[in-house]
Amino acid sequence: MNRLTLSEQFFRDQAQSGASGDLSTILNRISLAARMLASEIMRAGFVGKLGFTGSTNVQNEEVRALDVISDDVIKQVFEHMPMIAGIASEEMEELYPVPGGEGGKYVLTVDPLDGSGNVDVDGQMGTIFGIYRRAASGPAQLADFLQPGRNLVAGGYVLYGPSTMFVYTAGGPVNGFTLDRSIGTFFLTHPNLKVPEGEGNYSVNEANESKWDQKTQAMVRAFRLQQTKCGKRSARYAGALVGDFHRTLLKGGVYMYPGEAKKPEGKLRLLYENAPLAFVCERAGGMASDGRQRILEVKPEKLHMRTPLYIGSKGDVGEILQMLS
Ligand code: F6P
Ligand code: MN
């Protein structure tokens, strides 16, 4: 078995791109946060950290104890890391300027604990991250974050499932690493991931059907009745974007969160959910769209901007775009 570790891969990326060590330091810190969070999540049931805090976040979602812990862990691992100027997180209304990061070349966007609704049922959860280079210097500003996903320098996610996986790309191949918990090290287990074509699942919350426009309803019905040209798909829905996307990356098919008649922007957030996953998906040969344009082309108007999401195999997403047009 190949014994390449995640941090060795970071240094290979760095050597190949001729970059300074900053990017690999940032990625190493994300991997540290991932190991800390994997351990928190595993122990949450024993130590009374399941459940809600009683408050709601900027998205009007009920906040769980683990959401707060996850956000704190991300802030902690970047404290006094001079290469990162600021963080935009699902859990923070405003951007967070990293103390001591005024000279940093990069900014981080992060969904610290995606799918936290799965906490009490021992289901999959994840962390999604994107790293952008910024033009300005000094304290982090909104403009540093409002960049289209095609500017991403690196993006990826951590999946907390039966095992913890770290999947990312720094613009080259998409590689997946699995955590060996006993020694706290991620090893390369899924090199050069490619989204399969012509097979896999469709994944969507079909209980939203009555909220969709007719084209969307007809499109999802075609998947349900197994009448799509891209092939017959079976349904799967984990209810955690990272879990649903990870399956789509490995098995093929499509994950979607369409817009709704009264909420055309849908639910998922561009900066720290859709764009980093779209970056991974495209580098793995797949496709990601908001129904009209590539996710990676969408220019964010604000930190917590939402867009619809159709992501997965080219054949599936291409057919969806035809049906929606
Ligand atoms: O972060 C938003 C999120 O929790 C995703 O992880 C998940 O895919 C989605 O919401 C589930 O939404 P719904 O419950 O509406 O299907
Ligand atoms: Mn999320």
Side-chain angles (χ1 to χ4, degrees), residues 1-10 12-13 27-47 49-50 64 66-67 69-70 73-74 77 110-130 154-170 173-196 199-201 203 236-253 255 272-273 276-277 279-281 283-284 286 311-312:
M1 192 185 177
N2 187 316
R3 282 325 213 163
L4 188 79
T5 69
L6 184 57
S7 44
E8 283 160 354
Q9 181 64 46
F10 294 151
R12 286 188 183 193
D13 290 343
L27 287 163
N28 265 312
R29 284 269 136 183
I30 297 174
S31 125
L32 173 64
R35 283 170 284 152
M36 290 165 73
L37 288 176
S39 149
E40 288 285 352
I41 290 166
M42 195 173 63
R43 292 184 311 137
F46 300 124
V47 293
K49 286 182 182 165
L50 300 177
R64 290 165 189 271
L66 273 177
D67 285 320
I69 293 168
S70 310
V73 164
I74 297 286
V77 300
V110 64
D111 181 354
L113 193 61
D114 173 66
S116 59
N118 275 352
V119 159
D120 5 88
V121 299
D122 226 352
Q124 291 175 319
M125 282 168 273
T127 298
I128 310 173
F129 63 90
Y157 60 89
V158 185
L159 173 69
Y160 310 103
S163 56
T164 298
M165 285 200 65
F166 195 111
V167 179
Y168 86 104
T169 173
V174 178
N175 291 313
F177 298 78
T178 304
L179 179 63
D180 181 338
R181 271 184 214 275
S182 58
I183 56 170
T185 300
F186 283 101
F187 288 104
L188 179 65
T189 49
H190 296 64
N192 196 14
L193 282 164
K194 294 287 174 206
V195 195
E199 57 189 279
N201 301 103
S203 188
R236 291 284 185 278
Y237 197 71
L241 174 60
V242 169
D244 283 315
F245 176 69
H246 184 68
R247 183 194 55 252
T248 307
L249 178 64
L250 264 57
K251 301 283 185 189
Y255 171 87
Y272 42 82
E273 294 185 312
L277 297 185
F279 189 58
V280 169
C281 190
R283 290 300 181 280
I311 189 166

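- A donor-acceptor pair under 3.5 Å is absent between the side-chain atoms of Asn201 and the main chain of Arg236, judged by distance alone.
- Asp67 places a side-chain N or O within 3.5 Å of a backbone atom of Arg64 that can act as its donor or acceptor partner.
- For Ala238 against Arg247, the heavy-atom pair with the smallest separation is N-NH1, 4.5 Å.
- Of the possible polar contacts, one joining the Arg29 side chain to the Val77 backbone as a donor-acceptor pair under 3.5 Å is found.
- In the model, Arg35 has a side-chain atom that pairs as donor or acceptor with a side-chain atom of Ser31 under 3.5 Å.
- A distance of 10.5 Å separates CG of Leu6 from CE of Met165, quoted to the nearest 0.5 Å.
- Each of Val110, Asp111, Ile128 was checked for a side chain to side chain contact (heavy atoms under 4.5 Å, CB included) with Pro276, and the lone residue meeting it is Ile128.
- Taking CG of Asn175 as the start and OG1 of Thr189 as the end, the distance is 9.5 Å to the nearest 0.5 Å.
- When atom types are taken as modelled, the side chain of Asp114 and the backbone of Leu241 share a donor-acceptor pair closer than 3.5 angstrom.
- Going from atom OG1 of Thr178 over to atom CG of Leu159 covers 9.5 Å, rounded to the nearest 0.5 Å.
- The backbone N or O of Thr185 lies less than 3.5 Å from no partner atom in the side chain of Asp180, so there is not a single donor-acceptor pair.
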Mind running side-chain contact (heavy atoms from CB on, under 4.5 Å) on Ser7 and Asn28 for me, showing each step along the way?
-> CA-CA 6 Å; Ser7 44; Asn28 265 312; 3.2 Å; yes
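- Ser39 contributes atom OG, which lies 8.0 Å from atom CZ of Arg181 (distance to the nearest 0.5 angstrom).
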Audit row: Val158, Tyr160, side-chain contact (heavy atoms from CB on, under 4.5 Å) steps and yes/no | CA-CA 7 Å; Val158 185; Tyr160 310 103; 3.6 Å; yes
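- The aromatic ring centres of Tyr168 and Phe10 sit less than 6.0 Å apart.
- In this structure, Lys251 and Pro196 approach most closely via the heavy-atom pair C-CG, 3.6 Å.
- Using bins of under 30°, 30° to 60° and over 60° for the plane-to-plane angle, the ring pair Tyr255/Tyr237 lands in the parallel bin.
- Panel note: side chain Thr127, backbone Pro112; a donor-acceptor pair is recorded below 3.5 Å.
- Atom CD in Glu8 sits 14.5 Å away from atom CZ in Phe186 (nearest 0.5 Å).
- Residues Asp13 and Ala170 come closest through the heavy atom pair OD2-CB, 3.7 Å.
- The shortest distance between side-chain heavy atoms of Leu113 and Ile41 falls below 4.5 Å.
- For the residue pair Ile311 and Cys281, the shortest heavy atom distance occurs at CG1-SG, 3.7 Å.
- Under the rule for a side chain to side chain contact (heavy atoms under 4.5 Å, CB included), the partners of Arg12 that lie at least two apart in sequence or sit in another chain are Leu4, Gln9.
- Taking both residues in full, the closest heavy atoms of Leu179 and Gly184 are given as CD1-C, 3.7 Å, listed atom of the first, atom of the second, then distance.
- Across Val242 and Tyr157, no two heavy atoms sit closer than the pair CG1-CD1, 3.5 Å.
- Within the model, atoms OG of Ser70 and CG of Leu37 stand 4.5 Å from one another, a figure rounded to the nearest 0.5 Å.
- Applying the salt bridge (charged side-chain N to carboxylate O under 4.0 Å, His left out) test to residues at least two apart or on different chains, none of the pairs has a partner in residues 154-170.
- At distances below 3.5 Å, not a single donor-acceptor pair connects side-chain atoms of Asn118 with backbone N or O atoms of Met125.
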Go through the steps for Thr5 and Phe177 under the test side-chain contact (heavy atoms from CB on, under 4.5 Å), then give the verdict.
-> CA-CA 8 Å; Thr5 69; Phe177 298 78; over 6 Å; no
Just do the side-chain contact (heavy atoms from CB on, under 4.5 Å) check on Phe245 and Val167 with the steps written out, would you?
-> CA-CA 11 Å; Phe245 176 69; Val167 179; over 6 Å; no
